[in-house]
> 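Structure provided below as structure tokens; questions to follow.
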Amino acid sequence: MCSRPEELMTLDTHVGVATQAQLPICGRCKVRPVQFRVQESFCAECFIFQVCLKFRVAIGSSRPFEGGTRGGRLPPRTAAPAHLRLPSLRRFAVAYSGGFGSTVLLDMLLDQSLVALRRRPTDSTGALATVSPDDCPIGLLGGDGGNDPRRAVRPPTRCLVLHIDEHASYLGTPAAAYGPFAVGLAEHVARFQSHAVFVCAPLELVLDRELPCEADLVAFSQAATLQQWYATSEDGAIPTHPASSRRSHQPRMSVRALEALAPALDGPRTGDGPSAVDASPGPLGRLGSLRAQLREAFAACGSVSARDDLREQLRWLLLRRLSRAFGCNLLFSGDTKTTLASKTLSLCALGRGFMLPVEAGADDWRETDFLVTRPLRDVSTKEACIYSQLRGIPSLPASLPLGMCPAPYIPGQGNSSLIGLSNAFIARLQQEFPSTVSTVTATALKVTTDAEHFDPAAGPMKPCLLCLAPVPEADIQPTVGTRSPIGALAEIATTERLCYGCRTLISECD
Amino acid sequence: MKLSIEFLGGCEQLFGGVSRLLDHDTPLEDGATIRHLLAYLRDHHMRARPDLFLDVGSAVSGATTLPAPGASTEDVDQQLSVRPGIIVLINNADWELFGMEDYRLQEADRVTFISTLHGG
């Protein structure tokens, strides 16, 4: 890394003003005092405008849908191969983890007061521009050819927000540890109830070989509301009818009780209560065994890095499956610039460097009919954090005991994961050299791969069974001596269709 | 000196679940800086894992671990900072505008610590 000349140190951020009265005026609006410095100095209103602008530019540059040429004035997006262009938007989903990235993403997508922040506030009151209720950032994704693209793609009334409960994969963590996070999440969810359907699914569901049908997932969203799912009491009352779950004051239900209700949720709803139906247990009824399998798999992981990597792969596999089950062909991810920079390093360290264009890039095209897009790729985590604070979005407590997600790097201590090490490296380097994150992400965007790699019909490529990455036939090798203790992954482990990164991961689960 | 201190984004776990100390009466005197506040929080309010919140400022001292309890308090305090990835706001403004750890606290200041390392 280049050194900084001594004369530049006098302009460093460590030399600051003593009081707020001495703060300079924002260079953009020239009205309000500066409040934040992220590459540039902004007042609060200009900061929000700048972050929203980055979001809209990013979401507009994707244009994955056919005909998204904005009336012919702009060329089709060339980065995505032609065979990967989606015909139309069916439904879209948002991957919501509760972190700052996904929180800001949800706010920007669903808060109608922000959907069309057209002009920079210039008046002395700092009032934000008024918006039209018809505007929506989803419209920037493209539309029917010949029509106004922002009108043609009409977003669904409600979007699907997916949260994956991963606490079962953290060994030794009781469900009650998730309680404060669940309470905070429920309060946050209430802000967007009119615009979104929240589905909270446990990670162990990915091991269910029977892909959840929409009826099962609807049961998840109706009955397994957050206050019921994360019970703080084992003696919660059981509602007599799934429709009762829509009442505002929900009885706390333990997971065990929820499993007992499973037959009623899967069968026809007669209104007579659980005793009136008898159906094969759905995913709720199988959760106990799935959870045990998941814990067994993570206990068998040979290293902390393997556990974090496995968790990451299973999480995204489940997100994709759930999105598809709900009929979505577009999934928004709240990955920020900082997250992507860390991911760039960790992917290379984990043997997944060949997936940089999709894992750390703007869009994830590994599936021909499903897109994962990252509209916050130009927003740093610090910007997302400050944005949340300014917008008054309540901060969620940590979802797990600190030091677990992922295992952070502590100087002088061992037992950290590669992902945690990458996070710490980027964070520390960014503190001293503020252009680190931008440089790493810009470099990762330059990494390309042949378009044929993502078109199974064009060449001898098969998707990896775990991460869906394209695996050239020449690289397929039998996974010799690999055995996984969990049922679903055992099937994967005994076949040959795994990419290098997943083969390495599964071998550590032996 | 009375200060309002907030812990957000997961930091509250390190302080026994306390997310806000509003109008908290601290023993800090006039001229105290953010470093003194960090030392005070470490000694009186932190319940677990100080290594997840504090940093020794290895860029200055070259140290890679937090100093032993027997180290001189004055020396330690000069090195204290927050761990990279924790954002500090002073009266809802970026602490980088005020000189970061060298900012001299004033009566009724509101200091917010937000962790970007934890959570989802």
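Note that the structure is predicted; figures quoted are calculated from it, not measured. Per chain, numbering begins at 1; letters A, B, ... match sequence-line order.
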> Tell me, out of B:N92, B:T112, B:D109, B:I90, who's got the most heavy-atom pairs with chain A below 4.5 Å.
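Winner by heavy-atom pair count: B:N92.
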> Which heavy atom in A:Q431 sits nearest to a heavy atom in B:P84, and how many Å separate them?
OE1-CG, 3.5 Å
> If I measure from the heavy atoms of chain A, does B:L8 come under 4.5 Å with its side chain, its backbone, both, or neither?
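Backbone plus side chain of B:L8, per the 4.5 Å heavy-atom cut-off to chain A.
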> How far apart are the C-alpha atoms of A:R428 and B:D55, what are their side-chain angles, what is the distance that settles it, and do they pass the side chain to side chain contact (heavy atoms under 4.5 Å, CB included) test?
CA-CA 10 Å; A:R428 192 171 290 275; B:D55 191 46; 3.1 Å; yes
> Give the minimum heavy-atom separation between B:E6 and A:Q389, together with the two atoms involved.
OE1-NE2, 4.2 Å
> Measuring from atom OG1 of A:T381 to atom CD1 of B:I114, what distance do you get when rounded to the nearest 0.5 angstrom?
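One gets 12.5 Å once the value is rounded to the nearest 0.5 Å.
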> Is it true that, when you exclude B:D30 itself, more than 12 heavy atoms of the residues, nucleotides or ligands shown sit nearer than 6.0 Å to its CG?
no
> Nearest 0.5 Å, what's the CD-OG1 distance between A:E383 and B:T116?
12.5 Å
> With sequence neighbours excluded, what pairs up with A:F42 under the ring pair (Phe, Tyr, Trp, His ring centres under 6.0 Å) test?
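None.
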> Just how far is it from atom CZ of A:F47 to atom CG of B:D94, taken to the nearest 0.5 Å?
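With rounding to 0.5 Å, CZ (A:F47) is 9.0 Å from CG (B:D94).
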> Check the surroundings of atom CD in B:E29: do more than 12 heavy atoms from other residues, nucleotides or ligands lie under 6.0 Å from it?
no
